[in-house]
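Reading through the structure tokens given below for one structure.
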Amino acid sequence: MYWIALSLVYIMTCCASSPGEAAPELPSDKNATPETVALYNHLKQLMNKGIMFGHQDDLLYGIGWKYDEGRSDVHTVTGDYAAVHGYEIGHIELGHDVSLDSIYFDVIRARIIESYKRNGINTISWHGDNPLTGGTSWDPSDNQTLKSVLPGGEKHALYITWLDRLADFLLSLKDENGTFVPVIFRPYHEHMGSWFWWGKDICTVDEYKAIWKMMVEYLRDTRNIHHLLYAYSNSSVATETEYMERYPGDDYIDLIGFDTYQNEGPNGKEDFIRTVKTNLDIITKVGKERNKIPVLTECGLEKVTDPQWFTGTLYEAIQSYPISYVLVWRNAYEKPDHYYAPYPGHTSSEDFLRFKQLPGILFEKDLPDMYK
């Protein structure tokens with residue numbers, strides 16, 4: 001009944017949005033492109049209809065394949081694409097041809113544009129290397145790293161070149177008409193953990209806020225990039241105070257989310273559901289108060305070892321919350337045991353089909369025209 005009632009609200013809202021009535025709401029970037037404004041408003045309105053399903057790297061590779069155009073494990077199992085597609089562009093800052101997952105950036109660009117033209121939604125994460133030590137994102141060995149990239153820091157000039165390479169890639173996301181493809185950009189995530197160089201034990205609260213503001217202002221105001229929606233994506237926390245501790249401000253954020261995964265073990269399911277609900281309580285409250293879009297930015301159970309995980313665990317955790325989307329992690333082509341969505345023949349495939357048909361779960365074919 002919850003999603004039926006919300007669907008009626010969504011229909012009435014859409015029917016009332018005829019030409020000449022209230023202007024669309026603007027995201028944090030008040031100069032956002034028309035397509036980005038349309039995406040932002042549809043993301044908000046669709047929360048009255050249901051939760052979109054997303055999958056990381058869904059169009060790039062899967063179990064037993066890589067780079068097959070039009071292919072997707074989700075599509076092969078269900079006959080429909082995920083509504084949201086995640087991409088990782090770590091190593092774009094280094095000027096490399098391939099990402100940290102050894103995927104050509106040209107292919108990532110092509111898939112993002114294809115998804116956009118098919119009405120899908122694209123979100124990009126960025127695991128940039130440690131600019132001070134030369135290590136990976138997962139090198140938290142020096143607590144001066146983040147400070148070093150801020151204005152006046154020894155690596156500030158280097159980091160600006162990294163932002164320029166990032167900007168060049170983002171500005172290359174255009175269709176054949178020259179229209180920029182809107183993207184949900186999700187950097188510096190899981191920051192209340194300490195496994196990345198921007199984590200809470202590696203930098204101060206003010207330093208973390210400063211790098212967010214510096215990045216957004218550089219991309220938006222210096223490089224004139226106006227087709228991004230910015231996602232603040234924490235690790236799972238216990239309280240709203242923790243969640244908001246490093247929030248850079250409403251002028252820099254459009255979506256608020258968190259990442260959490262189910263662990264194996266006798267209490268894994270219960271712990272996961274409890275953690276998801278605790279954090280959804282937080283972000284839906286904050287989203288309502290600050291007019292931000294709540295999302296579950298990463299989650300999953302590796303290898304989907306529970307054949308009823310999608311209907312019995314994930315749906316149980318999210319069904320009563322008005323969030324925009326939930327995204328499960330990737331089906332790694334190079335690691336046969338590292339996958340989070342079913343593929344043909346997997347024991348969770350039938351349950352995934354049932355999940356797709358549940359009230360309030362949306363795939364690509366369920367979406368309105370997201371960019372108009």
Side-chain angles (χ1 to χ4, degrees), residues 27-32 87-101 105 108 123-173 180 183-235 244-255:
S28 62
D29 181 356
K30 305 310 176 189
N31 294 313
Y87 301 89
E88 167 57 40
I89 59 169
H91 289 180
I92 195 72
E93 73 280 0
L94 304 180
H96 290 183
D97 292 330
V98 297
S99 71
L100 57 80
D101 294 316
F105 288 116
I108 294 175
T123 178
I124 289 176
S125 57
W126 179 34
H127 291 81
D129 272 7
N130 186 313
L132 184 61
T133 68
T136 69
S137 280
W138 292 267
D139 176 12
S141 61
D142 196 324
N143 64 7
Q144 297 299 301
T145 298
L146 199 149
K147 183 179 180 180
S148 75
V149 306
L150 297 176
E154 63 178 290
K155 297 297 182 180
H156 178 66
L158 170 66
Y159 204 69
I160 292 299
T161 68
W162 286 13
L163 290 179
D164 278 327
R165 289 170 180 156
L166 168 65
D168 290 344
F169 177 79
L170 295 171
L171 288 169
S172 74
L173 301 177
F180 289 110
V183 166
I184 298 167
F185 186 45
R186 189 173 67 96
Y188 313 130
H189 69 306
E190 298 180 5
H191 53 276
M192 288 303 283
S194 295
W195 42 86
F196 295 125
W197 57 260
W198 54 82
K200 72 180 181 70
D201 291 338
I202 322 303
C203 63
T204 68
V205 170
D206 288 343
E207 288 168 352
Y208 182 82
K209 291 180 179 180
I211 195 172
W212 251 103
K213 294 176 181 179
M214 181 183 76
M215 177 207 67
V216 172
E217 290 170 2
Y218 191 78
L219 296 179
R220 183 191 64 200
D221 304 333
T222 301
R223 293 302 308 268
N224 293 312
I225 295 176
H226 300 294
H227 56 288
L228 302 184
L229 299 175
Y230 294 94
Y232 173 81
S233 176
N234 215 328
S235 44
M244 296 300 293
E245 180 185 274
R246 296 175 182 232
Y247 183 71
D250 291 342
D251 292 341
Y252 299 88
I253 299 298
D254 301 294
L255 294 86

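These values consider heavy atoms only, across backbone and side chains, with no hydrogens, waters or symmetry-generated copies. All figures in this text were calculated on a predicted structure; none of them were measured in a lab.
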Have a look at S28 and tell me which of D254, D251, D250 forms a side-chain hydrogen bond (donor to acceptor under 3.5 Å, both in side chains) with it.
D254

side-chain hydrogen bond (donor to acceptor under 3.5 Å, both in side chains) test vs Y232 passes for just one of R246, H189, H191, namely H191

Given side chains that start at C-beta, do those of [X] and [Y] come closer than 4.5 Å, heavy atoms only?
X    : Y    : result
W162 : V149 : no
H227 : L171 : yes
T133 : W197 : no
I124 : L173 : yes
T136 : H127 : no
W195 : S235 : yes
L255 : T123 : no
R220 : E217 : yes

Say whether, by atom type as modelled, one donor and one acceptor occur between the side chain of [X] and the main chain of [Y] under 3.5 angstrom.
X    : Y    : answer
S233 : R186 : no
N130 : D139 : yes
E88  : S99  : no
T145 : L132 : no
S194 : D201 : yes

How would you list, by chain and number, every residue that makes a salt bridge (Lys or Arg N to Asp or Glu O under 4.0 Å) with D164, sequence neighbours excluded?
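Residues passing salt bridge (Lys or Arg N to Asp or Glu O under 4.0 Å) with D164: R223.
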
Which atom pair, heavy atoms only, marks the closest approach of [X] to [Y]?
X    : Y    : value
G90  : F105 : O-CZ, 3.7 Å
Q144 : D142 : N-OD1, 2.9 Å
L163 : M215 : CD2-CG, 4.0 Å
F185 : L219 : CE2-CD1, 4.2 Å
D129 : L94  : OD2-CD1, 3.4 Å

Testing the 3.5 Å rule here: is there a donor-acceptor pair between the side chains of H226 and N31?
no

Quick one: pull up CE in M214 and CD1 in I160 and give me the separation to the nearest 0.5 Å.
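Rounded to the nearest 0.5 Å, the CE-CD1 separation comes to 5.5 Å.
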
Can you list everything that forms a side-chain hydrogen bond (donor to acceptor under 3.5 Å, both in side chains) with D206? Sequence neighbours excluded, please.
none

Does the separation of the ring centres of Y252 and Y230 fall below 6.0 angstrom?
no

Name the orientation class of the two ring planes belonging to Y188 and W126 (parallel below 30°, tilted from 30 to 60°, perpendicular beyond 60°).
tilted

Give me the ring orientation class for W198 and F196: parallel if the planes are under 30° apart, tilted from 30 to 60°, perpendicular past 60°.
parallel

Ring pair (Phe, Tyr, Trp, His ring centres under 6.0 Å) with H91: which residues, sequence neighbours excluded?
H96

